[in-house]
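Numbering of residues begins at 1 and proceeds along the displayed sequence.
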Amino acid sequence: MKWHDKRDVIIISSEFVDAMNEYRARSGKVSEKPESILKYNEFMGGVDRSNQLISYYPCERKTLRWYAKIALHVIMNNAFILYKQQPGKCNIRLIDFKDSVINKLIYKHRPKIVTPT
């Protein structure tokens with residue numbers, strides 16, 4: 001279905017019959033919207049936040065497969081969101097968090113180098 005309020009929204013849904021429901025805008029104006037659009041607006045926050053985090057520091061390399069890119073984004077961004085929910089941990093930037101995780105993974109599994117004296 002295609003719905004136009006301020007801009008076009010295209011949705012594929014098998015759950016809703018798309019009955020028109022009344023809603024009240026912030027301005028107080030009463031209008032009608034399809035049920036699927038109302039549910040989309042209600043639950044779109046997490047996806048939008050994830051896309052926002054991904055756009056800050058893209059890590060696309062030609063050597064990574066598409067599934068590796070998705071896994072890296074999902075794991076790192078979800079870990080960052082969970083980390084920030086801990087008390088006292090809310091003042092870290094995403095790039096600093098990613099650097100910290102990568103450094104700990106690298107230094108933990110790095111072979112010991114013995115330098116001759």
Side-chain angles (χ1 to χ4, degrees):
M1 105 175 260
K2 181 178 177 180
W3 173 258
H4 181 83
D5 194 11
K6 287 185 180 177
R7 58 185 66 92
D8 289 339
V9 176
I10 299 171
I11 291 181
I12 297 174
S13 174
S14 62
E15 184 176 343
F16 302 104
V17 182
D18 282 328
M20 299 299 275
N21 294 332
E22 288 187 358
Y23 78 101
R24 183 174 305 275
R26 291 182 196 164
S27 62
K29 179 183 167 188
V30 177
S31 299
E32 288 188 341
K33 274 189 183 179
E35 185 179 0
S36 58
I37 299 295
L38 292 173
K39 291 295 182 185
Y40 169 78
N41 289 338
E42 183 180 345
F43 296 110
M44 69 182 211
V47 173
D48 288 343
R49 179 70 175 142
S50 178
N51 288 340
Q52 181 183 12
L53 289 173
I54 288 171
S55 70
Y56 289 151
Y57 309 106
C59 61
E60 293 145 356
R61 300 284 182 258
K62 290 185 178 184
T63 58
L64 288 178
R65 303 288 194 269
W66 65 269
Y67 51 84
K69 291 179 192 178
I70 290 173
L72 184 63
H73 283 308
V74 168
I75 291 169
M76 288 296 268
N77 289 334
N78 286 347
F80 177 68
I81 291 169
L82 291 173
Y83 182 79
K84 285 188 68 138
Q85 288 177 352
Q86 296 178 18
K89 306 281 186 178
C90 61
N91 292 332
I92 188 170
R93 297 181 312 161
L94 177 61
I95 191 71
D96 295 333
F97 176 78
K98 285 184 175 184
D99 283 344
S100 171
V101 170
I102 290 169
N103 283 332
K104 288 180 182 172
L105 288 173
I106 289 172
Y107 291 124
K108 181 178 180 182
H109 299 290
R110 184 175 70 174
K112 302 226 186 251
I113 299 173
V114 178
T115 56
T117 57

Counting only N and O atoms by type, is there a donor-acceptor contact under 3.5 Å from the side chain of D96 to the main-chain atoms of I92?
-> no

Here the gap from N21 atom CG to I37 atom CD1, rounded to the nearest 0.5 Å, amounts to 11.5 Å

Flag yes if L105 and Y83 sit in one hydrophobic cluster, no otherwise; membership is Ile, Leu, Val, Met, Phe, Trp, Tyr, and two members link when side-chain heavy atoms are under 4.5 Å apart.
-> yes

All side chain to side chain contact (heavy atoms under 4.5 Å, CB included) counterparts of S31, not counting sequence neighbours | Y23, K29

Nearest 0.5 Å please: distance from the CD atom of E22 over to the CG atom of L38.
-> 11.0 Å

Qualifying residues under salt bridge (charged side-chain N to carboxylate O under 4.0 Å, His left out), relative to K2, sequence neighbours excluded = D8

What pairs with F80 under ring pair (Phe, Tyr, Trp, His ring centres under 6.0 Å), at least two apart in sequence or on another chain?
-> F97

Given side-chain contact (heavy atoms from CB on, under 4.5 Å), test K98 with N77 step by step and report yes or no.
-> CA-CA 9 Å; K98 285 184 175 184; N77 289 334; 4.2 Å; yes

